[in-house]
Engineer: 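Got a structure here, written out as structure tokens. Questions coming.
The basis for the numbers below is simple: all heavy atoms, side chains too, and nothing from hydrogens, waters or symmetry mates. The first residue of the sequence shown is numbered 1, and numbering continues consecutively from there.
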Amino acid sequence: DAYTKAELLDQWWAPKPFAARTKVMDFSVGGRRFYAMVSPEGAERWVLQKYTSITPKTNFKMFNAFADADENVELPGSDWDMNFSEQDGKTTVHASIYNESLERLERIIADGGFRTGTEMQLQNLEKLLATLKES
């Protein structure tokens, strides 16, 4: 649910101090999530995710790319393959991200922002899950 429901995604997907704000969420094959990463000053950076394959509870795949406010994609994007497995009451998530170009991959690795942002997002997710477990 934390990866497929807007009300949960918006609570953890953005690295602090940014916030995620989902405008469209249709978690179905051919559906999409269109959301903004919003800075503390209110600046928006839009992202479009198109769901290409869904196997309930175990896997989904999506195309992910920055976009403008009208959903016009800024290429290149990347293909994400999200796998979920459960053992002893714990869920493990394995994400594989395939970039369309070596140039884009090198740019992501070079600036370090993607890794740092992802680590911050996962910390947000851990806090959210702890809160949900308590309630």
Engineer: So do Glu119 and Pro15 actually touch side chain to side chain, heavy atoms under 4.5 Å?
Structural biologist: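 The answer is no, as the side chains (C-beta and beyond) never meet within the 4.5 Å cut-off.
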Engineer: With side chains defined as the heavy atoms from C-beta onward, is the minimum distance between Phe60 and Phe84 less than 4.5 Å?
Structural biologist: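 Yes; the side chains approach each other to less than 4.5 Å.
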Engineer: Counting only heavy atoms not in Gln87 (residues, nucleotides, ligands), do more than 12 fall under 6.0 Å from its CD?
Structural biologist: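 For Gln87, atom CD is not crowded (no more than 12 foreign heavy atoms under 6.0 Å).
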Engineer: Taking Asn83 as the fixed residue, which of Thr92, Asn59, Thr58 is the one that meets the side-chain hydrogen bond (donor to acceptor under 3.5 Å, both in side chains) rule?
Structural biologist: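 Exactly one candidate clears the test, Asn59.
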Engineer: Check for a donor-acceptor pair, side chain of Asp10 on one end and backbone N or O of Thr22 on the other, with a separation under 3.5 Å.
Structural biologist: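 It does hold such a pair.
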Engineer: Is the distance between the ring centroids of Tyr3 and Trp12 less than 6.0 Å?
Structural biologist: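 Yes.
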Engineer: Identify whether NZ of Lys or CZ of Arg in Arg33 sits under 6.0 Å from the centre of the six-membered ring of Phe27 and within 45° of that ring's axis.
Structural biologist: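 No; the conditions do not both hold, so Arg33 does not lie above the ring face of Phe27.
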Engineer: Would you say that Glu44 contacts Tyr35 through its side chain, given a criterion of any heavy-atom pair below 4.5 Å between the two side chains?
Structural biologist: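 Heavy-atom side-chain distance check fails, nothing below 4.5 Å.
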Engineer: So do Gln11 and Thr131 actually touch side chain to side chain, heavy atoms under 4.5 Å?
Structural biologist: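 A side-chain contact under 4.5 Å is absent here.
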Engineer: Would you say Phe66 and Val47 make side-chain contact, with heavy atoms under 4.5 Å?
Structural biologist: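 A side-chain contact under 4.5 Å exists here.
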Engineer: Answer whether the closest heavy-atom distance between the side chains of Trp46 and Lys23 falls below 4.5 Å.
Structural biologist: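 Trp46 reaches Lys23 side chain to side chain.
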Engineer: Could you tell me whether the side chain of Ile54 reaches within less than 4.5 Å of the side chain of Thr4, counting heavy atoms only?
Structural biologist: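 They are not in side-chain contact.
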Engineer: For Glu71, enumerate each residue passing the salt bridge (charged side-chain N to carboxylate O under 4.0 Å, His left out) test, keeping only those at least two apart in sequence or located in another chain.
Structural biologist: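 Testing Glu71 for salt bridge (charged side-chain N to carboxylate O under 4.0 Å, His left out), a comparison that skips the adjacent residues, returns Arg32.
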